[in-house]
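Since we're looking at a predicted model, the values are computed, not measured. Below, chain A is the first sequence line, B the second, and so on; all start at residue 1.
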Amino acid sequence: MLGLYTTSPLAHSMIAQVFEEDKSFCYDRDMTNLEIAELLRNVAAAYEILGENPFKTIAYQKAADSIEHLTSDLKDMWDDGKLDTVPGVGSALASHLDELFRTGKVKHFDQVLSKLPKSIYPLLLVPGLGPKKAYKLVSELTLKDSKTVIADLEKAAQTHKIAAIVGFGEKSEEVILSGIESYKRGQIKENRMMLPEADGIARDIINYLKKMPEVNHADPLGSLRRQVATIGDIDIAVATRKPAVVIEHFVKYPHQKLIDKGAAGATLLLNNGRQVDLRVQKPEAYGAMLQYFTGSKHHNIKLRTYAVGRGLSLNEYGIKQVKTGKLTEFASEEGFYQALHMPYIPPEIREDKGEIEAAVSGRLPKLIELSDIKGDLHMHTNYNFSSSHDIGASHVKEHLDKAAALGYEYIGISDHNPSISNQTQKQIVAVMKKRKEWYEQQYYSLKDGLKKRVHLLIMCEVDILTDGKLALPDEAFEYVDAAIVSLHSSFTQSRKDITKRIITALTSHPKVRIFGHPTGRLLARREGVDADWPEVFATCKKHSIALEINAYPDRLDLPDSLVYEARKEGVKFCIDTDSHEVDQMDMMRYGVSVARRGWATKHDIVNTLGYNEFKSWLQKGV
DNA sequence: GCCGTTTTCGGCCCGACTGTTTTCAGTCG
């Protein structure tokens, strides 16, 4: 295959001359992981156009993927001399990245990138355009300005200048225009839905499908099955012997538009604007299909690479012996993984974070399950005591009833601390004393049966003020069993300031036991704070403070990637719902999903402890 | 350019889809 290594037939030297005024590349030594990944992808694209060894191109793309998925800043890892621990970064790339962080430039990248017109690189972000097409369009249409290249291309498509280019046609113009449309939408990031919304939609449809006797199994696929915090499209798999009947039934589900219908499935645009794909498969091959479409992409690539080493090739229909071409089908995913000599890997951890290696060597963690949860420590009742933030909508007795129904041994009421702006410290202490007495009175008035089953802990969610002090006077701590401390203001402080602020708060009183929704992120609305997480984790570990995994739908905070990191350091977690209304206590399972995605076992989670053990953890931190 | 149950050389995931083609290249997930 000599052709792979020869120079592209396109006359890039000529093009480079046309664009010679446009040669400088701006990047700096404080690039984010995302920006570095984009830089490496640009180099890979240039290599591809220039006809470099295709595996070198793939190596750059792999490194870019891997850097994009890191949970710490690459620059911090460089600081710590840990560049070589990044998968896909070998000695050559490590040396280039070292040059980048030291000098803010990489000579080799500049050389490669400047062989091509700079205006091709923005086009790579448009769906449907890869290196080859981007290069051809830029060359043929002489699109010089990288700042306006996307708008220029849009204009060229609208005025039908693209159909005239060899290899493009009228349809290409439409595809390019719709690609530019989604590129623009992608910039606004409005498309993804939060996990519970996607989960609810999928559950309704799965229940609807399961009413048919022809449906043997129905499951979500993709990021929803892996329980990622935000979901793009909803994909659903069905095992059946009567695919046509199932598809007919599916397209009768209430919708605004039937987008596609074929022998293997159908796509609907629902009334709520969400898109749902259905895929059908015969029961014998259902396991292979589930595995294939659950992903993640990185997990599947790693798994297929592993299989190739054993003379096997994986696809959506089964496992093929490379030598004989014999295909074995699998009805279940368990069987599929077993055939690869490893235990079943739960969907939540299929992210290529070491789960395949762990499975092969028998080190796969036994992930926490919803039924392991024995209590919920973060909820707000409708008891009104001049609280600093919002109060809840339900009575404490409703919360206790619900806890009993969920089989919990205990709950903690964690109302916000009293407002500090219009009350003296003395008044606040009095309010807290009265609050404790009120809750105790409510609890004592319960029926004996409920009291025996569910214990009540009187806690408080205390604001961490801008300087790290707590918004509750020391004397008031006498009236709570324990405190959750949380950030509710000044989210944009510098990393140094916010880290110091958090650590000050965590170590300011022995009754501070849980760090609530640690990053403060609100999905699709607010980024989390930029703290030095390893330092925060070390403090939690030292003082035996639990990091909260807040299950509230738009929080899911601590995020799964940080759960994974913190767990490696031996930090404990507490999964809470932060309920402001009694039915929200059902959201616990989303918190459990986050914990599972972070590889947590029940031993990593303090509210899997029975009441007595939990109480002793609260008091002594054992 | 990376990497190791084929470990310092010789491989590198897999198939679907689409448009422009008449047998395939490019892109995507």
- Using the P atom on both, measure B/dG26 against B/dT22 and round to a whole Å.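 Between the two P atoms, the distance is 15 Å.
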
Could you list, one pair per line, each protein nitrogen or oxygen that sits under 3.5 Å from a nitrogen or oxygen of nucleotides 4-11 of chain B, together with the distance?
from	atom 1	to	atom 2	distance (Å)
B/dT6	OP1	A/Gly309	O	3.3

- Are A/Lys105 and A/Asp110 within salt-bridge range, i.e. N to O under 4.0 Å?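 Result for this pair is yes, salt bridge flagged.
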
May I ask you to say what [X] touches in the nucleic acid, namely base, sugar-phosphate or nothing, with a heavy-atom cut-off under 4.0 Å?
X	answer
A/Leu93	sugar-phosphate
A/Lys302	nothing
A/Leu129	sugar-phosphate
A/Thr57	nothing

- Item | Footprint string (nucleotides 19-25 of chain B, 5' to 3'): B base within contact, S backbone only, - free, heavy atoms under 4.0 Å | SSS----

- Should A/Asn300 be listed as having a side-chain N or O under 4.0 Å from OP1 or OP2 of B/dC13?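 Negative; the distance criterion is not met.
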
- Message: Quick check on B/dC13: is either OP1 or OP2 less than 4.0 Å from any side-chain nitrogen or oxygen of A/Thr305?
- Response: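 Result: yes.
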
- Task: May I have the step-by-step check of side-chain hydrogen bond (donor to acceptor under 3.5 Å, both in side chains) for A/His298 and A/Glu351, ending in yes or no?
- Result: CA-CA 6 Å; A/His298 295 288; A/Glu351 300 289 349; over 6 Å; no

- Task: Go ahead and name the base partner of B/dC17; Watson-Crick or wobble counts if both distances stay under 3.5 Å, otherwise write none.
- Result: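 B/dC17 is paired with B/dG26.
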
- Message: Does A/Lys82, at its NZ atom, have more than 12 non-hydrogen atoms belonging to other residues, nucleotides or ligands within less than 6.0 Å?
- Response: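 No.
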
- Query: Of the nucleotides B/dA16, B/dC13, B/dC2, which one has an atom closest to the side chain of A/Ile301?
  - Reply: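 Selected nucleotide (nearest to the side chain): B/dC13.
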
- Task: Kindly indicate whether the side chain of A/Glu348, heavy atoms from C-beta on, has any atom under 4.5 Å from the side chain of A/Arg226.
- Result: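 Counting from C-beta outward, A/Glu348 and A/Arg226 never come under 4.5 Å.
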
